[in-house]
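Below you'll find the structure, written out as structure tokens, and then a few comments.
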Amino acid sequence: MVDLSVRVGALTLKNPVMPASGCFSHEFGQVFDLGRLGALVTKSVTPKLRKGNPIPRVAEVSQGMLNSIGIPSKGIDHYVRETVPLFAAHSSPLVASVSADTVAEFAQATAALSVPGVAVIEANISCPNLEADGHAFAMLPDTTYAAVSAIKRATPLPVWAKLTPNTGDIKAIALAAERAGADALVVANTILGMTIDVNSFRPTLGNVMGGLSGPAIKPIALRLVFQCAEVVSIPIIGCGGIARGEDVVEFMLAGATAVQVGTASFVHADAMIRILEELQAFCEARGIGRVADLVHRARVEHEPIEW
Amino acid sequence: MVDLSVRVGALTLKNPVMPASGCFSHEFGQVFDLGRLGALVTKSVTPKLRKGNPIPRVAEVSQGMLNSIGIPSKGIDHYVRETVPLFAAHSSPLVASVSADTVAEFAQATAALSVPGVAVIEANISCPNLEADGHAFAMLPDTTYAAVSAIKRATPLPVWAKLTPNTGDIKAIALAAERAGADALVVANTILGMTIDVNSFRPTLGNVMGGLSGPAIKPIALRLVFQCAEVVSIPIIGCGGIARGEDVVEFMLAGATAVQVGTASFVHADAMIRILEELQAFCEARGIGRVADLVHRARVEHEPIEW
Amino acid sequence: MTVAQPPAAPTGFPVGNAPCVVRANRAVNDRYRHLVLEAPPPLCRATPGQFFHLLCPPFVDNEPYLRRPMSVYRVAPEEQAIEFLYNVVGAGTRSLARLVAGDTMSVMGPLGTGFTIEPAYRHILMVARGVGLATMAPVVPWACRRGIRVTAILSARSPQDLMEREFAQREDIRVHPVFDQDGTSAVGRVEALLRGILDADRPDAMFTCGSNRLMTLLQRLGTEYGVYGEIALEQQMACGLGVCLCCVRPIRVGGEIEHQRVCCEGPVFDLQQVAGTWRHG
Amino acid sequence: MTVAQPPAAPTGFPVGNAPCVVRANRAVNDRYRHLVLEAPPPLCRATPGQFFHLLCPPFVDNEPYLRRPMSVYRVAPEEQAIEFLYNVVGAGTRSLARLVAGDTMSVMGPLGTGFTIEPAYRHILMVARGVGLATMAPVVPWACRRGIRVTAILSARSPQDLMEREFAQREDIRVHPVFDQDGTSAVGRVEALLRGILDADRPDAMFTCGSNRLMTLLQRLGTEYGVYGEIALEQQMACGLGVCLCCVRPIRVGGEIEHQRVCCEGPVFDLQQVAGTWRHG
Ligand SMILES: Cc1cc2nc3c(=O)[nH]c(=O)nc-3n(C[C@H](O)[C@H](O)[C@H](O)COP(=O)(O)OP(=O)(O)OC[C@H]3O[C@@H](n4cnc5c(N)ncnc54)[C@H](O)[C@@H]3O)c2cc1C
Ligand SMILES: Cc1cc2nc3c(=O)[nH]c(=O)nc-3n(C[C@H](O)[C@H](O)[C@H](O)COP(=O)(O)OP(=O)(O)OC[C@H]3O[C@@H](n4cnc5c(N)ncnc54)[C@H](O)[C@@H]3O)c2cc1C
Ligand SMILES: Cc1cc2nc3c(=O)[nH]c(=O)nc-3n(C[C@H](O)[C@H](O)[C@H](O)COP(=O)(O)O)c2cc1C
Ligand SMILES: Cc1cc2nc3c(=O)[nH]c(=O)nc-3n(C[C@H](O)[C@H](O)[C@H](O)COP(=O)(O)O)c2cc1C
Ligand code: FES
Ligand code: FES
């Protein structure tokens with residue numbers, strides 16, 4: 001038997017596979033047993049009520065999709081009252097993803113979310129910062145630091161900072177989040193992209209641009225995890241394009257302690273279960289007794305030349 | 001008949017389809033007539049002699065590839081003496097891509113490349129800047145400005161600045177290149193990525209990380225072109241994942257005046273010819289008399305929310 | 001009581017996700033094709049208006065990545081079969097068209113909320129356009145078997161495109177075909193036809209799918225005549241399960257506009273609640 | 001004089017890129033398969049050691065994006081056929097294995113520089129391991145037709161894996177099979193065997209493919225005995241045409257190490273010039 005458990009800071013997960021925010025809700029319980037997952041991560045909620053973005057909200061691309069859901073939100077109270085209890089029966093810890101327009105709102109929302117039933121706050125700082133011209137908090141080290149430290153102060157729960165791949169300097173952002181007290185990093189969110197319908201000449205998304213996810217971004221997400229693991233010592237949760245057990249192995253070798261699966265669950269609703277079983281089979285076939293032994297074990301013999 | 005010609009600054013191209021640097025050489029003449037292309041863009045050359053990166057230099061990924069060729073170079077003299085004459089017989093203008101480690105080297109190399117037979121200098125400023133800790137020139141506006149303005153001063157030829165998608169602020173970079181006098185922008189180079197072989201635990205590329213190209217990056221490249229077209233008034237040459245005639249239409253609608261095709265030519269050596277024919281058929285089917293009429297005609301009804 | 005109350009799934013999970021073998025895949029006419037899959041029992045519990053999420057196999061260059069939603073056209077649990085009628089419009093449906101008997105494809109479902117057909121109804125009116133009739137067709141045998149009379153207006157470009165036989169299946173129903181070709185499908189002409197039916201033989205409910213113009217017309221007439229109506233909507237989907245929030249359409253609920261998910265609150269909605277129209281492409 | 005001097009291509013372009021129809025695709029043994037394609041004449045001009053770049057069709061999840069290089073195992077212009085022997089190792093070759101007669105695939109070639117076999121040779125020695133023998137096999141009929149004697153050492157894991165018949169084709173050549181199973185393929189044993197041949201019946205040239213250890217051994221013996229040798233190398237490729245510089249291997253040229261392209265300077269290189277070994281995966 002393979003020991004699939006991993007430790008993300010103070011928290012021990014029964015296995016490293018969990019959903020990515022926005023790509024999971026209790027409805028998956030119609031297809032598989034949610035209790036098998038390492039953790040349960042819900043769609044980002046915001047303190048403000050929001051309708052989300054105009055339709056169409058999804059466009060298919062080569063080995064991936066673009067989404068511009070935005071963050072429709074019924075507010076923090078609704079989340080605490082309606083969503084948290086949905087997961088009370090499951091043994092997997094609940095990770096509440098939070099997003100906000102300002103540092104102060106982030107802190108307030110985080111405090112309000114820190115209720116029994118919620119095990120971790122995931123700070124989605126890849127969203128637009130209204131105090132910085134709409135640039136996402138995680139685009140710059142300063143705003144990353146400001147947001148994460150305010151969030152940390154607002155809660156006794158572990159805080160995971162979810163970074164954006166759209167920044168030009170992921171290492172500086174990762175270090176800023178670590179300095180601000182993040183207990184782990186989630187690397188990473190979707191990459192900004194767009195497509196245009198050549199018949200109508202219109203952008204295919206109602207919001208013009210949206211986030212690219214799925215296998216298409218896997219090599220980029222893996223590189224970001226690798227770069228973050230070079231500089232931080234807090235755990236990293238890899239995310240981006242994971243669709244198979246071997247993808248998890250790749251992310252763990254690059255430095256991730258656990259992983260999140262997003263878009264793959266839209267192609268196969270039970271993708272996370274398949275991934276988990278493939279991961280286990282991979283370890284069994286190679287006599288790897290503890291999946292945690294894969295973390296950061298890529299054999300890199302020399303410094304890469306970056307450009 | 002569709003008028004396929006486009007104007008990139010002072011230069012008129014017979015059609016908007018040309019190869020991307022590093023994805024073309026005279027060897028394609030074994031498969032199709034090079035004279036049918038809008039321009040001929042050669043692999044970047046550097047003033048220093050370079051061997052290129054360690055092997056393996058290529059890895060396949062979902063709908064794309066990673067490469068870490070590096071820039072093997074036999075120097076500028078060799079290029080002028082051996083490479084330029086190879087294309088003398090073709091009516092399509094020759095675009096010499098140049099790369100260098102420092103601003104001064106860029107300028108010297110550009111001057112040396114400005115010989116009869118070369119029509120345009122493409123400045124590959126997506127390469128590591130040895131004066132800035134190895135970060136690519138095009139990662140920051142300052143270094144972009146410094147490199148492009150020095151290159152401009154060094155040559156009477158038009159200069160195209162090739163940007164990197166790895167920056168967090170493409171608009172600022174595009175503006176810096178325009179201010180520095182770039183005659184056009186090429187948007188964009190490859191995106192940094194990596195993969196790891198789960199059997200050997202080694203990165204699949206000898207250089208650990210490499211550039212992602214192919215259809216996987218198309219939505220990102222298209223977004224970058226769209227963003228650049230919002231801020232600059234010089235022509236943009238779109239590049240990234242183009243594999244079909246409709247992809248060219250998409251890039252032109254987003255704001256590109258011409259396009260470069262890279263990886264698709266490795267899958268089908270005559271991809272550029274197919275793409276050209278598909279583009280022509282697209283225009284014919286819709287009664288579009290001039291392909292140039294597609295440029296920047298995407299119907300965008302409202303400001304996108306970026307994050 | 002809604003039709004959409006399937007018995008508990010044998011696996012313990014109400015939504016199945018299973019490989020299904022293609023039994024047949026034939027052209028019905030120049031535009032539409034008919035796909036018959038051999039499906040395990042949990043999938044055969046679909047009710048009229050529900051849909052399946054089909055993973056289209058990669059045959060060529062531009063292979064489909066996401067699943068494609070497709071209304072169930074016919075379910076035959078006794079034959080372990082689910083059937084679809086579809087129109088080839090893009091990469092996904094082109095891939096479907098290439099399937100041959102013996103091929104296998106991954107199918108998830110049944111999904112969504114189907115039509116509400118009260119067993120107490122005596123007469124229902126169905127108004128379908130184009131491939132929308134595939135979505136509504138399973139209502140016909142369901143109603144007929146319960147002694148509910150069915151009147152249908154089927155709208156198509158031309159007689160060749162009309163799938164009257166596919167719609168009526170083996171049932172004895174009254175069909176009014178209307179066509180673009182001869183102008184009979186024009187909104188004014190259809191309105192006259194509808195008023196005739198509503199005046200002469202008031203239906204208990206109206207069902208529609210496939211046309212924004214017909215939707216608007218039926219909303220108006222439904223209010224005027226006080227007849228309850230339902231409509232099956234379409235929207236681009238990713239998950240098909242209510243997770244991703246991709247598939248929303250604006251729905252009027254108590255004076256407010258809400259974004260509701262076509263894949264789970266729908267695809268069938270109260271006709272009067274649908275706010276605004278929407279076209280693909 | 002090299003063999004690799006094809007007549008001018010009828011299309012005007014020396015490299016063809018054409019859809020080819022699968023005639024047969026059969027297992028030869030547990031590890032290797034034999035693919036026969038119907039190819040237009042320009043493709044049938046391949047000479048021993050050259051290769052084709054095959055676009056493997058997307059059958060499943062992890063579909064191949066780039067082409068796969070494959071040495072020509074047999075060319076039969078009179079039958080308009082090109083043939084390959086391949087080992088199923090990953091996504092691309094798994095896709096090849098699924099092809100059935102009648103399927104079509106895109107094939108580019110012939111590519112690269114093949115073996116140099118002087119017509120004046122009287123005796124050549126061939127040393128092949130594993131699927132490397134597919135690359136060298138076309139040398140056999142070429143040599144035999146010109147009255148050149150062929151001695152071959154074929155190395156494999158076990159007798160079941162050896163494709164002696166595929167290698168010799170219909171020709172009368174001397175074959176020494178060696179196996180891992182019984183230890184006869186150990187470098188020391190092969191060295192003794194080679195020395196025996198080199199001493200008794202000195203060949204004019206040696207050709208090898210498929211093993212780093214055998215390469216090193218042959219480099220040593222080639223120098224010692226003064227026998228010219230050639231080796232076919234492998235390397236990951238993208239373009240296959242000399243454009244991308246992906247496929248380089250270190251080659252000694254005049255005391256310097258150069259990166260030469262396997263796809264065009266190779267795949268066949270002067271045995272003594274190859275610097276360093278390389279393994280995939
Ligand atoms: C609940 C539901 C039931 C449906 N039932 C049927 C049916 O019985 N028969 C039938 O022919 N069609 C039906 N459709 C429409 C069908 O899903 C689309 O025609 C199909 O997805 C088109 O895919 P494509 O790749 O061929 O086209 P493309 O235009 O290439 O598709 C591009 C993307 O847009 C989406 N898309 C395109 N058109 C539609 C559409 N009308 N609705 C939703 N998404 C769309 C695709 O899923 C894909 O993600 C139904 C749609 C929904 C939502
Ligand atoms: C000139 C040449 C001739 C060849 N001739 C034959 C032959 O006749 N029979 C045969 O069975 N094999 C031959 N090979 C090897 C064959 O190309 C690989 O086995 C094949 O590419 C593996 O692809 P895959 O997707 O199945 O494996 P994967 O391991 O999944 O491939 C992953 C990537 O690595 C590349 N790759 C993996 N192994 C090799 C290799 N050994 N050489 C080059 N690239 C590799 C693939 O092309 C692909 O890009 C030849 C290789 C070269 C370079
Ligand atoms: C439909 C959709 C909605 C998403 N919503 C959120 C969100 O609310 N908050 C968040 O942090 N990330 C969100 N994401 C990003 C995912 O959590 C994940 O970072 C990204 O999709 C990359 O992983 P993948 O390639 O496995 O999908 C969303 C992604 C998708 C596809
Ligand atoms: C093998 C390879 C080599 C490349 N070499 C160069 C180069 O020397 N200079 C440069 O500016 N870009 C280089 N590029 C980047 C391409 O020019 C192009 O920007 C990128 O591949 C994206 O386009 P594509 O998706 O069409 O390939 C190279 C790309 C590849 C795949
Ligand atoms: S398709 Fe995902 S919520 Fe409806
Ligand atoms: S494979 Fe491109 S140069 Fe050899």
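The sequence lines fix the lettering, A, B, ..., with proteins before strands; numbering per chain opens at 1.
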Next item on the list: Nearest 0.5 Å please: distance from the CD1 atom of Ile217(B) over to the CD1 atom of Ile217(A).
Entry: 13.5 Å
Note to self: Please report the interatomic distance CG(Leu253(A)) to CG(Asp197(B)), rounded to the nearest 0.5 Å.
What the structure shows: 9.5 Å
Margin query: For the interface with chain A, which of Ile220(B), Val198(B), Leu222(B) has the highest count of heavy-atom pairs at distances below 4.5 Å?
Written below: Val198(B)
Margin query: Taking Ser200(A)'s backbone N and O only, do any of them form a donor-acceptor pair with Arg299(B)'s side chain (distance below 3.5 Å, no angle check)?
Written below: yes
Notebook entry, point to check: What part of Phe251(B) is in contact with chain A, defined as an atom under 4.5 angstrom from a non-hydrogen atom: side chain, backbone, both or neither?
Noted result: neither
Check: Rounded to the nearest 0.5 Å, how far does NZ of Lys218(A) lie from OG1 of Thr195(B)?
Finding: 7.0 Å
Next item on the list: Check each atom of Leu212(B) against the heavy atoms of chain A and say whether the ones under 4.5 Å are side chain, backbone, both or neither.
Entry: side chain
Note to self: With chain A as the partner, which of Glu250(B), Arg286(B), Arg297(B) has the greatest number of non-hydrogen pairs under 4.5 Å?
What the structure shows: Glu250(B)
Check: If you measure from CD1 on Ile170(A) to CG on Asn166(B), what distance do you get to the nearest 0.5 Å?
Finding: 11.5 Å
Next item on the list: Below 4.5 Å from any heavy atom of chain A, which atoms of Val61(B) appear? Answer side chain, backbone, both or neither.
Entry: side chain
Checklist line | Pairwise distance CD1(Ile196(A)) to CE(Met252(B)) - rounded to 0.5 angstrom | finding: 12.0 Å
Notebook entry, point to check: Does any heavy atom of chain A fall under 4.5 Å from the side chain of Leu66(B), the backbone, both, or neither of them?
Noted result: side chain
Note to self: At a 4.5 Å cut-off on heavy atoms, which part of Leu294(B) comes close to chain A: side chain, backbone, both, or neither?
What the structure shows: side chain
Margin query: Let me confirm one number: the CZ-CD1 distance from Arg223(B) to Ile191(A), rounded to the nearest 0.5 Å.
Written below: 8.5 Å
Note to self: Using a 4.5 angstrom heavy-atom cutoff, name the option from Pro165(B), Gly211(B), Ala59(B), Pro203(B) with the most pairs to chain A.
What the structure shows: Pro203(B)
